[in-house]
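Because the structure is a prediction, the values reported are computed rather than measured. Scope of the values below: all heavy atoms of this structure, side chains included, with no hydrogens, waters or symmetry mates.
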Amino acid sequence: MCGIVGIVSNKPVNQSIYDALIVLQHRGQDAAGIMTDDAGTLCQRKDNGLVQDVFQRKHMLRLRGNMGIGHVRYPTAGMSSSAEAQPFYVNSPYGICLGHNGNLTNTRELQELLRQQDKRHLNTGSDTEALLNVFAHELQQSQSAELTPADVFAAVEGVHQRCHGGYAIVAMIMGHGVLGFRDPHGIRPVVLGQRDTNGFTEYMVASESVALDALGFELVRDILPGEAVYIEADGTLHSKLCGAAKSYTPCVFEYVYFARPDSIMDGISVYKSRMRMGERLADKILRERPDHDIDVVIPIPDSSRTSALSVAHSLGVKYREGFIKNRYIGRTFIMPGQEMRQKSVRRKLNAIDLEFRDKVVLLVDDSIVRGTTSKQIIEMARDAGARKVYFASASPPVRYPNVFGIDMAASAELVACNRSEAEVADIIGADWLIYQNLDDLIQAVQYDNGDIKEFDTSCFSGEYVTGDVTVEYLREVEALRSDKAKKAREKARRKRKPFKDGQVGPSAGVA
């Protein structure tokens, strides 16, 4: 999962893009990058690290120009290498910069076709670089003397025909404009906003509406599945459905965990969705244990707070903040590697003993993925004196890999895979474990918007909306993207000797 932003203005955009990336930091903590267009000159800065660490004053001063794009990266398969920080850039045609949120399911096939048929060089194994080169190749097929919006939309249509998977894209064509588009299933989110500044309408494309709010942009609408929005450098807006939408199935896990609660995506309030998740979870608790002995409901900060509050209210029991979070530790779910996740839990959270001592505690989390965090948190609750520790997940069991841009690649790493709820409870050390029902989750999220009838629920249901995910592909992804595979690639990278001046290094791996 990553965060993307693009802005066209009549004044410098470097600070606005930086501010937007700060707001989108929760979507990726591995690397950050900004590229701007200074009257045809490319200005760029990207590196590993958080936004506030990557961009210092000297870098910001160099990011000149009135349009640009930015990206925060969360790796699903790649290594923590600055070579894979986005946006990526190719100089032909025109000079194109591109940032990508999601994951392609036919990357290897694309890479072969790009090398053999399109005669394009690929420097990394990143699916983003492959997608960029597909777009560049399609745009190069234009016979127009000058680049037109029709040429841009035709190139996007070519991308949709050749690239499969879930993706939200922001791109900048040097000297011409900024482009945003979305996969034909609408799996990954992207929104369009605008604000008026002294008679000039500025436009912004971003992963979540919260980035628009922070900069004073008005949410215009979501970019639709298969649609492209192109903003010329002079501020002229164009949009087109580039091929028929195949479905409208946004990723339901965005609403469970990834998105900020103050965002609105596909017309759906993330905050209200999580409130209803809590209400439905409480209904299930009351059905299964009408005479429950829960003394207090405690959330696992931060993304489960809204659901936990609804659970407590519906059950008629106390809601308490039992864990204090260290704000300077990243989100453990999106950390690259199980070892780092394990080390981070106790550094991130500290229990308030008074809220646990001699009580029957219901801990509420948004989800249980690998089970590592849940197990350690339950141990912390017991160490703080809890008499019993129950655990509730606001989402169903995560039993299947996610191949559309979320780091759930290896079934063996998912604690609920091929296990019953009782078995999972035993592994994480809970006295009782309860999961949300999938139907209840879907109804909780879709309540606001009649246009969204279905969601991508693949990590819960094993049903992949693109229809091209085979057992063989899942095995290949697991071999490539498991924690074990990532660790082996990172170890190999660190053993490589530094290259001499002028010597070209090997591929940076797969993103």
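With 3.5 Å as the limit, one finds a donor-acceptor pair spanning the side chains of Thr124 and Glu129. Side-chain contact check for Gln117 and His137: no donor-acceptor pair (N or O, by modelled atom type) lies under 3.5 Å. Side-chain contact check for Gln86 and His100: no donor-acceptor pair (N or O, by modelled atom type) lies under 3.5 Å. Donor-acceptor pairing under 3.5 Å is recorded for the side chains of Ser303 and Asp366. For the 3.5 Å distance criterion, the side chains of Asp266 and Tyr248 qualify, holding a donor opposite an acceptor. For the 3.5 Å distance criterion, the side chains of Thr41 and Asp38 fail to qualify, holding no donor opposite an acceptor. When only modelled atom types and interatomic distance are considered, Thr105 and His164 share no side-chain donor-acceptor pair under 3.5 Å. Asn66 and Ser9 share no donor-acceptor pair across their side chains, judged by distance under 3.5 Å alone. Side-chain contact annotation: Thr201 with Asp196, donor-acceptor N/O pair under 3.5 Å present.
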Asp456/Thr249 under side chain to side chain donor-acceptor pair (under 3.5 Å): CA gap, chis, key distance, verdict | CA-CA 5 Å; Asp456 170 58; Thr249 49; over 6 Å; no
Going through the checks in order, is the salt bridge (charged side-chain N to carboxylate O under 4.0 Å, His left out) test met by Glu84 and Arg73?
-> CA-CA 9 Å; Glu84 293 188 356; Arg73 179 177 185 260; 2.8 Å; yes
Begin with the C-alpha distance, continue with both residues' side-chain angles, and end with the deciding distance and a verdict on salt bridge (charged side-chain N to carboxylate O under 4.0 Å, His left out) for Arg188 and Asp183.
-> CA-CA 7 Å; Arg188 300 269 69 89; Asp183 68 82; over 6 Å; no
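Residue-environment remark: CD (Glu472) exceeds the threshold of 12 foreign heavy atoms within 6.0 Å. Around atom CZ of Arg108, no more than 12 heavy atoms belonging to other residues, nucleotides or ligands sit under 6.0 Å away. A 6.0 Å sphere centred on CD of Glu454 holds no more than 12 heavy atoms belonging to other residues, nucleotides or ligands. Within a 6.0 Å radius of OH in Tyr271, other residues, nucleotides and ligands contribute 12 heavy atoms or fewer.
A salt bridge is defined here as a Lys NZ or Arg NE, NH1 or NH2 lying under 4.0 Å from an Asp or Glu carboxylate O, and Glu254 with Arg27 meets this definition.
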Let me check something: any side-chain donor-acceptor pairs from residues 165-177 under 3.5 Å, sequence neighbours excluded? List them with distances.
unit_1 : atom_1 : unit_2 : atom_2 : d
Tyr167 : OH     : His160 : ND1    : 2.8
His176 : ND1    : Met174 : O      : 2.9

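Partners of Asp118 by salt bridge (Lys or Arg N to Asp or Glu O under 4.0 Å), not counting sequence neighbours, listed by chain and number: Arg162. With sequence neighbours left out, Glu202 forms a salt bridge (Lys or Arg N to Asp or Glu O under 4.0 Å) with Arg195.
Contact of the Ile231 side chain with the Thr236 side chain is not registered, since no non-hydrogen atoms from C-beta on lie closer than 4.5 Å.
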